Amino acid sequence: MSQEVIHEATPQRASLLYDPRVRGIVFQVVLVALLALGIWWIVDNTIENLRRSHIATGFGFLKGRAGFDIANTLIDYSSDNSYGRALVVGILNTAIVAITGIITATIIGFLVGIGRLSNNWLIRKLATVYIEIFRNIPPLLVILFWYQGVLALLPNVRDSIGLPFGSFLNNRGFYFPRMVWSDGAWLVAVGLAAGVVLSWYVARRARARQMATGQQFPVFLTSVALIVGMPLLGFALAGFPLTFEFPQKGTFNLTGGVNVKPEFLSLYLALSFYTAAFIAEIVRAGIVGVPKGQTEAFSALGLRSGQGLRLVVIPQAMRIIIPPLTSQYLNLTKNSSLAVAIGYPDLYAIGGTILNQTGQAIEVVVIFMVVYLGISILTSLFMNWFNTKMALKER
Amino acid sequence: MQEHDMSWVRTEMALAQAAPRSQVGFGAWVRRNLFATPVDSVLTVLALLAIAWALPQILNWVFFDAVWTGADRTACLTTEQGGQLPVGWTGACWPFVSGRFGQFMFGRYPMDERWRVILTGIIFIALLAPLLIPRVPYKGLNAILFFVVFPFIAFYLLVGGFFGLSYVETPRWGGLMVTLVLSYVGIVVSLPLGILLAMGRRSKMPIVKLLSVVFIETVRGVPLVTVLFMASFMLPLFVPPGMSFDKLLRALIGVALFAAAYMAEVVRGGLQAIPKGQYEGADSLGLGYWQKMGFIIMPQALKLVIPGIVNTFIGMFKDTTLVLIISMFDLLGVVKQNISGDPTWATPQTAKTGYVFAAAIFWIFCFGMSRYSQFMERRLDTGHKR
């Protein structure tokens with residue numbers, strides 16, 4: 001109260017120039033004006049430049065015939081398809097390398113991260129060496145090393161390296177048998193779905209029973225049995241509707257089977273190994289971040305060390321791990337744009353080709369921005385949801 | 001009973017006994033660290049086997065089977081491929097690196113002018129070294145020389161074109177020199193810009209805050225490749241016809257803006273860790289906004305985030321390699337160009353050799369930076385950490 005009185009008694013003695021609020025408003029108005037001027041200047045120049053080089057603006061070019069071939073496609077595509085479809089092929093290629101890379105990097109990263117905390121001196125040192133090597137080398141170099149230094153040196157088709165299960169490795173990539181499903185395959189899918197639903201139900205009931213009576217039920221083993229067994233049952237009922245199409249070695253090429261191209265392999269391996277080094281550090285920090293008292297507490301409660309790790313330490317470590325892990329996943333996705341250096345047709349490479357053909361620089365860059373920002377936002381949304389699920393439940 | 005005096009007091013310390021044999025020495029260490037449990041033993045054996053399999057191969061490739069001298073590709077070819085070496089030979093082809101060393105360092109910078117690059121490098125090291133060693137005095141003057149004066153000297157020496165030095169156009173630059181130029185400019189521009197953006201993001205002025213957030217989040221959401229792509233394809237569209245940017249300059253702008261967005265987030269982390277009392281304390285002393293930030297908040301905040309800043313630097317140093325995608329030739333770009341475009345050294349082992357060499361150089365720089373940041377972190381640790 002007294003402050004207000006004083007304030008009213010001495011109204012606005014200082015000059016307006018020294019009022020932080022007024023200054024803030026003036027500053028922002030000037031900023032907006034400058035920004036608007038800058039944008040106007042840029043837009044004006046751009047329109048002028050586009051008019052001079054006779055480039056039509058707008059996204060109409062997406063319907064035009066692409067006229068270039070793409071080596072790796074997940075959906076049907078030929079050079080007669082439109083630019084729009086070519087871009088979809090690119091987006092799918094980016095997605096597949098990002099998803100497989102994230103899965104592999106997470107597995108390697110967790111193994112190495114736990115290895116760094118091992119009681120075993122040798123394992124600890126090996127993990128440290130791995131992390132220090134890969135963290136301090138540019139990812140592009142790792143990609144090129146795999147592509148030109150390792151995979152290009154593999155023998156040619158005639159001398160393909162034979163691997164188990166009828167797969168081959170040569171300088172055109174990795175070949176493995178294709179699964180060919182015949183009639184009745186839907187029973188397997190039904191079996192899988194039934195297995196998943198049943199194990200979810202069992203887990204729910206088991207939890208309810210443990211809450212009520214304290215008796216435990218082997219949920220994990222039952223779930224594995226259900227998820228593996230039900231599809232097998234469906235498989236047997238349908239009369240084993242599966243054959244394999246093995247890659248056949250010809251003189252100049254391998255026919256049949258699935259071919260994973262060296263471009264994909266090198267990108268996938270490089271991104272996985274590179275990102276795994278960072279994930280390993282995050283995992284280590286997360287586990288170290290759980291106070292030692294928690295370990296002592298679960299021992300005091302009589303939990304075995306495996307149980308304690310699973311029920312006490314890891315849930316708490318995950319809370320520390322998840323936020324930085326999210327940014328590593330995003331980094332991996334963004335780094336997949338390095339594919340362009342080795343000719344893997346991801347979104348960026350295909351967009352670049354389209355830009356060279358049509359000159360639609362602004363539209364192509366807008367598409368890049370929208371897709372990459374979209375992937376970033378989707379990943380962050382998913383990880384935030386996962387994070388809230390794992391977060392400390394406080395009353 | 002009386003003769004036996006029960007009260008006996010030891011007058012000297014019992015001699016310490018040697019620790020049991022199972023607790024000391026090499027054997028105990030091995031047992032504790034390598035064979036503590038059955039699982040550990042299995043892991044140790046597996047790891048030893050892996051090392052025994054891989055290490056000789058690596059050592060042979062790098063040293064014992066490697067070719068050290070030669071004039072062209074025939075030195076590194078097997079008899080099957082038209083050279084002298086036995087069939088099935090693999091090893092590093094080091095004469096490729098020594099033969100192309102000049103290019104790896106300077107790109108196509110004119111031979112007679114390379115002393116200018118070397119001189120710039122010497123000045124760079126002479127200014128950087130005392131800045132990094134804590135005991136050397138005159139840090140302020142040194143910093144001004146390094147961050148303000150040095151760019152002008154370096155520009156004059158490297159570009160030239162007046163006062164008797166011939167002009168060297170930037171497309172002729174290349175190799176490690178471009179990598180270092182890009183990183184240096186990126187660091188010098190991105191740190192102040194990042195600090196400004198971080199302050200903007202925490203500003204009370206809504207428009208300033210909005211603009212900072214939009215800039216930071218957009219740049220962080222897209223790959224650097226896209227930013228470089230924009231810088232190289234869209235910047236020319238944005239300026240009046242006839243006005244053109246140098247390609248290197250465009251890449252510099254892209255790298256610096258990109259790094260600034262990441263730097264801003266690191267600095268913001270530090271700003272958030274400063275207790276409110278520090279701001280209020282500065283206010284109560286009557287300091288203005290810039291004084292408050294410059295004298296009270298930033299010195300504390302930046303100290304907190306030194307590891308983050310160095311990590312961003314390391315990331316940026318590695319990211320400079322991406323300029324090869326917009327066809328500029330930094331160290332990796334030159335190595336790649338020599339591997340795929342030069343028949344003089346086209347052998348199966350050239351690619352591996354070149355990339356291992358480039359990886360070693362990048363590794364030394366990045367590892368050095370990260371070690372230095374750990375050293376600084378320990379040194380600046382005032383023990384007030386919560």
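Bear in mind the structure is a predicted one, so any value in this text is a computation, not a measurement. Excluded from the calculations below are hydrogen atoms, water molecules and symmetry mates; all remaining heavy atoms, backbone and side chain alike, are included.
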Heavy-atom cut-off 4.5 Å, strictly under: side chain, backbone, both or neither for [X] against chain B?
| X | result |
| --- | --- |
| A:Ile362 | both |
| A:Phe27 | side chain |
| A:Leu35 | side chain |
| A:Tyr348 | side chain |
| A:Ile47 | neither |
| A:Leu144 | both |
| A:Gln148 | both |
| A:Leu140 | both |

Search all heavy atoms of [X] against all heavy atoms of [Y] and return the closest pair with its distance.
| X | Y | value |
| --- | --- | --- |
| A:Pro138 | B:Lys318 | CB-O, 3.6 Å |
| B:Arg220 | A:Lys334 | O-NZ, 2.6 Å |
| A:Gln28 | B:Val208 | OE1-N, 3.8 Å |

Between the main-chain N or O of [Y] and the side-chain N or O of [X], is there a donor-acceptor pair closer than 3.5 Å?
| X | Y | answer |
| --- | --- | --- |
| B:Trp363 | A:Arg135 | no |
| B:Lys204 | A:Gly24 | no |
| A:Asn120 | B:Asp40 | yes |

[X], part contacting chain A, at a heavy-atom distance under 4.5 Å:
| X | result |
| --- | --- |
| B:Ile51 | side chain |
| B:Leu34 | both |
| B:Ile207 | both |
| B:Ile364 | neither |
| B:Leu324 | side chain |
| B:Thr37 | neither |
| B:Ala358 | both |
| B:Leu46 | neither |

So which of [options] has the biggest tally of heavy-atom pairs under 4.5 Å with chain A?
| options | answer |
| --- | --- |
| B:Met369, B:Met205, B:Met230, B:Glu217 | B:Met205 |
| B:Leu322, B:Val30, B:Ile314 | B:Leu322 |
| B:Ala50, B:Pro206, B:Ser41 | B:Pro206 |

*chain B contacts, top residue of A:Val43, A:Leu141, A:Leu122 (heavy-atom pairs, under 4.5 Å)*: A:Leu141
Looking at [atom1] of [X] and [atom2] of [Y], how far apart are the two atoms once the value is rounded to the nearest 0.5 Å?
| X | Y | atom1 | atom2 | answer |
| --- | --- | --- | --- | --- |
| B:Leu224 | A:Ser337 | CG | OG | 8.0 Å |
| B:Tyr262 | A:Ser327 | OH | OG | 9.0 Å |
| B:Tyr355 | A:Ile137 | OH | CD1 | 13.5 Å |

Side chain to side chain, [X] and [Y], heavy atoms closer than 4.5 Å:
| X | Y | result |
| --- | --- | --- |
| A:Phe368 | B:Val222 | no |
| B:Asn33 | A:Asn119 | no |
| B:Val356 | A:Phe145 | yes |

_Working note: B:Ser370 + A:Asn136, criterion side-chain hydrogen bond (donor to acceptor under 3.5 Å, both in side chains); need CA distance, chi angles, decisive distance, verdict._
CA-CA 9 Å; B:Ser370 79; A:Asn136 292 317; 4.7 Å; no
_Atom NZ of residue position B:Lys292 - does it have more than 12 heavy atoms of other residues, nucleotides or ligands inside 6.0 Å?_
yes
